[in-house]
Amino acid sequence: THLIELHNITKSYQVGAVSVEAVRDISLTVKRGEIFGIIGHSGAGKSTLLRCVNLLERPTSGSVKVGEVELTKLSQRQLQAQRRKIGMIFQHFNLLSMSTVRDNIAFPLKLAGLTGTAARDRVDELLKLVQLEQHADKYPAQLSGGQKQRVGIARALAANPDVLLCDEATSALDPQTTNSILSLLLDINAKLGITILLITHEMQVIRSICDRVAVIDKGEIVELGDVLHVFLKP
Ligand code: ADP
Ligand code: ADP
């Protein structure tokens, strides 16, 4: 069954007198439980497309369905509730620099109204999942890049989302750290059953963890299929 359905998504940006089509009539479905990768050069439209999934960007036209809910039709308030089911991580982590690891992870729980012991227990569970128990009281500036991304992952998973969106999540990391983050993502997919939609410009990311891949160029999908089929054909 399909967890994410994008239908005829177009996103244009108005730059002065000129309209730039960052994404052009893209339709795409992501199955429940899979790891789906979108790869393409810089400027291809990957980030715009990903941000249309949780409506960080509003498509100029087209519809976005996540878990049977048509997001483009929701009120702002209804959308906020649905967004809790969609976690997101970023290339530059986007952590709160003035808050500890623990408070960064607790932040979405606070927004959802969870506080006290229940919140503390949930944060402990997440710290364990991303192996940061020893670093709970540190600030982001005291962490390595890989540790920062682990905080980002824990924060994204705090509210128990169905899907995790990854925006170039390993692009700021060295190859060894990249591998450890990729294996954590694989684990989260396998053990927690969380569907992953990621964008990357790195072929290795696609090869090592994705089930299916779409290649995007100039705002359009130019290839789509199983990773083995798309990248190992003659
Ligand atoms: P990618 O993530 O593949 O690097 P983006 O989605 O960031 O691609 O960008 C796709 C195109 O849209 C590029 O031409 C980019 O310059 C343009 N673009 C992205 N965001 C904006 C914006 N806020 N305003 C104007 N143009 C934008
Ligand atoms: P880039 O990939 O180009 O570095 P990001 O993907 O980090 O850019 O995007 C930063 C944008 O995401 C900002 O406009 C910010 O408002 C928004 N943002 C930052 N943190 C979050 C979050 N936890 N949830 C949703 N949106 C966020």
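Because only heavy atoms are used, hydrogens play no part in the values below, and waters and symmetry mates are left out as well, while side chains stay in. All ligand and atom numbering here is 1-based and tracks the order in the structure. Position 1 is the first residue of the sequence; numbering continues from there.
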Show me the side-chain donor-acceptor pairs of residues 55-63 shorter than 3.5 Å, one per line, residues at least two apart or across chains.
{"unit_1": "E57", "atom_1": "OE2", "unit_2": "Y13", "atom_2": "OH", "d": "3.2"}
{"unit_1": "T60", "atom_1": "OG1", "unit_2": "S12", "atom_2": "N", "d": "2.8"}

Quick check on H2: does its NE2 atom have over 12 non-hydrogen neighbours (other residues, nucleotides or ligands) under 6.0 Å away?
yes

Tell me whether Q14 at atom CD has more than 12 heavy atoms from other residues, nucleotides or ligands lying less than 6.0 Å away.
yes

Contacts under 3.5 angstrom, residues 203-213 side chains, donor-acceptor by atom type, not counting sequence neighbours:
{"unit_1": "Q204", "atom_1": "NE2", "unit_2": "N179", "atom_2": "OD1", "d": "3.0"}
{"unit_1": "S208", "atom_1": "OG", "unit_2": "Q204", "atom_2": "O", "d": "2.9"}
{"unit_1": "D211", "atom_1": "OD2", "unit_2": "I35", "atom_2": "N", "d": "2.8"}
{"unit_1": "R212", "atom_1": "NE", "unit_2": "E34", "atom_2": "OE1", "d": "2.9"}
{"unit_1": "R212", "atom_1": "NE", "unit_2": "E34", "atom_2": "OE2", "d": "3.4"}
{"unit_1": "R212", "atom_1": "NH2", "unit_2": "T29", "atom_2": "O", "d": "2.9"}
{"unit_1": "R212", "atom_1": "NH2", "unit_2": "E34", "atom_2": "OE2", "d": "2.8"}

Sorted by chain and residue number, the residues with a non-hydrogen atom under 4.0 Å of ligand 1 are Y13, V15, A22, H41, S42, G43, A44, G45, K46, S47, T48

Nearest heavy-atom approach of V101 to H135 is CG2-O, 3.4 Å

Which atom pairs, one a donor and one an acceptor, fall under 3.5 Å between side chains of residues 18-26 and the rest of the protein, sequence neighbours left out?
{"unit_1": "E21", "atom_1": "OE1", "unit_2": "R24", "atom_2": "NE", "d": "3.2"}
{"unit_1": "D25", "atom_1": "OD1", "unit_2": "N8", "atom_2": "ND2", "d": "2.9"}

